[in-house]
Amino acid sequence: MSTPARRLLRAFPDRLHDAVMRWRSGSREGQVMVLSFIVALAAVFLTISLIDYDRMPISGFYVPLLLGMLLLRFWPLVGLVGVVAVFSVVTVVAEGPITTARATSMTLMSVSTAIILYQSSRQRSGLPGPLGQAMLVDLRDRLQSQSKVPPLPEGWRCQSAMDTAGGVNFAGDFLVANLSKDERHLEMILVDVCGKGVGAGSQSLQFAGALGGLIGALPPQGLFAAANDFLLRQRWDEGFATAVHVLVDLESGAYSILNAGHPPAMRWDALGGEWIVDGAHGLALGIQEFPGFEQTSGQLDPGDALMFYTDGVVESRQRDVGSGIEWLRQVAGPVAAEGFDNAPRRILASSDTRGDDRAVLILERTA
């Protein structure tokens, strides 16, 4: 193989990567590049169709249309539709008299094209569907990275499990955590945004971003006050959220809990062998200005643990929150007695509620 050909082959992966990155940027240059490629592909289909229509009938032009729907923004897609329409007419007319079958094929292609254009026009981001979804997923992953509890000092372990309504990847339940620089204080907030599944997912993304910038910078009461003001400013149709906040001294085991309309936290008493319901309570965030919150405090000794959960775990059509909390105490008792390994997932597996987002978090001071 000649040297220029080798250089071309070696440079091909880099050029392909650059082309993909230009497309992912959504820039005009990237769109023109993709449009040119798809038009060239349609031209190849046209050439084959003019030579042998049986090998490439009019239905073959669905391929460039579908590629355009996936890769192009709205106006470049309109241009591609115009080109494909001309190519389709040319190939049908060149084949001879228009038969009923060809007329039907052209009608179906016109309807399909209208559906494709309508779907593209509904992309509020202005980006192709896969690219807009990729950006949303990337945003979700970035925000979820701050939800991961940092590695804790020896003697502490934190576990969590979450199931979303309908199995979708966006939920109204999320966690925000922060470990101080000296690794002495752990701060966590478990939040349940009103709604479930995709409906609450976009709101939880915004709220998680706001809380991620506030946690560790404000005291618990100030943090909840700022979060409440944020939700009031959004003016969402269902713009409230419940939350529970915990601040733990990882050296002494002392903790404080602040609750905003959230199901009460529970503390595992290793000596007594039971879950004790915490008494912190307050109004949900985003309902009124200057809500009141009652803070509680306590001590975690080796073997003790704190459990936080959302209402989807304890509430269902057949069971109210009060009886659900008692049910959770009875179910989580044997789980804790056996050991906390994978305890949140085992608790969710025991729950018979499936119509709402569900989350369980357990912070354990190991014995």
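Reckoned from all heavy atoms, side chains included, excluding hydrogens, waters and symmetry mates.
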*Donor-acceptor contact present, side-chain H281 to main-chain G279, <3.5 Å*: yes
*L190 and F174, any side-chain heavy atoms less than 4.5 Å apart*: no
*Closest approach of P334 and V331, non-hydrogen atoms and distance?*
CD-O, 3.3 Å
*Nearest non-hydrogen partners of A284 and N228, listed with the distance*: O-OD1, 4.3 Å
_Check ion pair D341-R157 (N to O, under 4.0 angstrom)_ = yes
_For P150 against L179, the heavy-atom pair lying closest together_ = CG-CB, 3.8 Å
*Decide, yes or no, whether a salt bridge links R267 with D301 under the criterion of side-chain N to carboxylate O below 4.0 Å.*
no
*For a side-chain contact (heavy atoms from CB on, under 4.5 Å) with V86, tell me which candidate from V89, V90, V84, V83 qualifies.*
V90
*To the nearest 0.5 Å, how far apart are CD1 in I116 and CG in L66?*
5.0 Å
*asked:* Test your reading of the model: is there a side-chain donor-acceptor pair from T310 to the backbone of A359, 3.5 Å cut-off?
replied: yes
_Check this for me: does any side-chain nitrogen of one of D304 and R365 sit under 4.0 Å from a carboxylate oxygen of the other?_
no
*Do M188 and H245 have side-chain heavy atoms sitting under 4.5 Å apart?*
no
*Any chance you could lay out the side-chain contact (heavy atoms from CB on, under 4.5 Å) test for R345 and Q159, step after step, and finish with the verdict?*
CA-CA 9 Å; R345 179 54 58 188; Q159 304 176 73; over 6 Å; no
*Is it the case that one hydrophobic cluster holds both V44 and V63, taking links as side-chain heavy atoms less than 4.5 Å apart, direct or via other members?*
yes
_Once rounded to the nearest 0.5 Å, what's the spacing between atom CG of L108 and atom OH of Y62?_
5.5 Å
*Quick one: CG on L72 to CG on L80, what's the gap to the nearest 0.5 Å?*
6.0 Å
*asked:* What's the separation between atom CG in D311 and atom CZ in R358, rounded to the nearest 0.5 Å?
replied: 12.0 Å
*Report yes or no: is the cationic atom of R102 (NZ for Lys, CZ for Arg) under 6.0 Å from the centre of the six-membered ring of Y53, at an angle within 45° of the ring normal?*
yes
*For residues V246 and F308, determine if any side-chain heavy atom of one lies less than 4.5 Å from a side-chain heavy atom of the other.*
yes
_Co-membership, hydrophobic cluster, residues F240 and F293, 4.5 Å side-chain_ = no
*Side-chain donor/acceptor of E315 to backbone N/O of V321, under 3.5 Å*: no
*asked:* Are L328 and V335 linked, directly or through intermediate hydrophobic residues, by side-chain heavy-atom contacts shorter than 4.5 Å (ILVMFWY only)?
replied: yes
*Taking all non-hydrogen atoms of both residues into account, name the closest pair between L232 and G286 and its distance.*
CD2-O, 3.5 Å
*Examine distances only and state if a side-chain atom of D269 and a backbone atom of E274 form a donor-acceptor pair shorter than 3.5 Å.*
no
*Would R122 and Q119 count as a side-chain contact (heavy atoms from CB on, under 4.5 Å) if you check the C-alpha gap in whole Å, the side-chain angles of each, and the deciding distance to 0.1 Å?*
CA-CA 5 Å; R122 300 294 294 176; Q119 188 276 336; 5.8 Å; no
_Considering all heavy atoms, the nearest G303-A270 contact_ = O-CB, 3.5 Å
*Would you call the rings of F230 and F207 parallel, tilted or perpendicular if under 30° counts as parallel and over 60° as perpendicular?*
parallel
_Can you confirm whether V176 sits close enough to E187 that some side-chain heavy atom of one is under 4.5 Å from a side-chain heavy atom of the other?_
no
*Under 3.5 Å: donor-acceptor pair, side chain of W156, backbone of L250*: yes
*Determine, step by step, whether E251 and D182 satisfy the side-chain contact (heavy atoms from CB on, under 4.5 Å) criterion, reporting the C-alpha distance in whole Å, the side-chain angles of both residues, the deciding distance to 0.1 Å, and the verdict.*
CA-CA 11 Å; E251 289 189 3; D182 59 5; over 6 Å; no
*Roughly how far, to the nearest 0.5 Å, is the CD atom of Q295 from the CG atom of N259?*
11.0 Å
_Minimum side-chain heavy-atom gap I276-M266 below 4.5 Å_ = no
*Would you kindly confirm whether L67 and L46 end up in one hydrophobic cluster when ILVMFWY residues are joined by side chain heavy atoms under 4.5 Å apart?*
yes
*Test H262 against every option in D192, I257, I189 by the side-chain contact (heavy atoms from CB on, under 4.5 Å) rule and name the one that passes.*
D192
*Find out whether L214 and F224 are in side-chain contact, i.e. whether some heavy atom of one side chain is under 4.5 Å from a heavy atom of the other.*
no
*asked:* Using only atom types and a distance under 3.5 Å, with no angle test, would you say the side chain of Q31 pairs donor to acceptor with the backbone of R73?
replied: yes
*Give a yes or no answer on whether the side chain of S120 reaches the backbone of L117 with a donor-acceptor pair at less than 3.5 Å.*
no
_Check for me, please, whether M69 and V32 land in the same ILVMFWY cluster - side-chain distances under 4.5 Å, paths through other members count._
no
*asked:* I'd like to know whether L247 forms a side-chain contact (heavy atoms from CB on, under 4.5 Å) with H185, so could you lay out the CA-CA distance, the side-chain angles of the two residues, the decisive distance to 0.1 Å, and finally the verdict.
replied: CA-CA 7 Å; L247 179 62; H185 295 99; 4.3 Å; yes
*Answer yes or no: is there a donor N or O on one side and an acceptor on the other, between the side chain of T91 and the main chain of L50, under 3.5 Å?*
no
_Please give me the minimum heavy-atom distance between A305 and W275, naming the atom from each residue._
O-CZ3, 4.0 Å
*Heavy atoms, side chains only, cut-off 4.5 Å: are L361 and M307 in contact?*
no
*When the ring planes of F340 and W268 are compared, do they come out parallel, tilted or perpendicular, using 30° and 60° as the limits?*
perpendicular
*asked:* Side chains of V149 and L175, heavy atoms from C-beta outward: is any pair under 4.5 Å?
replied: yes
_For F45, is there any backbone N or O sitting under 3.5 Å from a side-chain donor or acceptor partner on S49?_
no
*Quick one: pull up CG in L363 and CG in L300 and give me the separation to the nearest 0.5 Å.*
6.5 Å
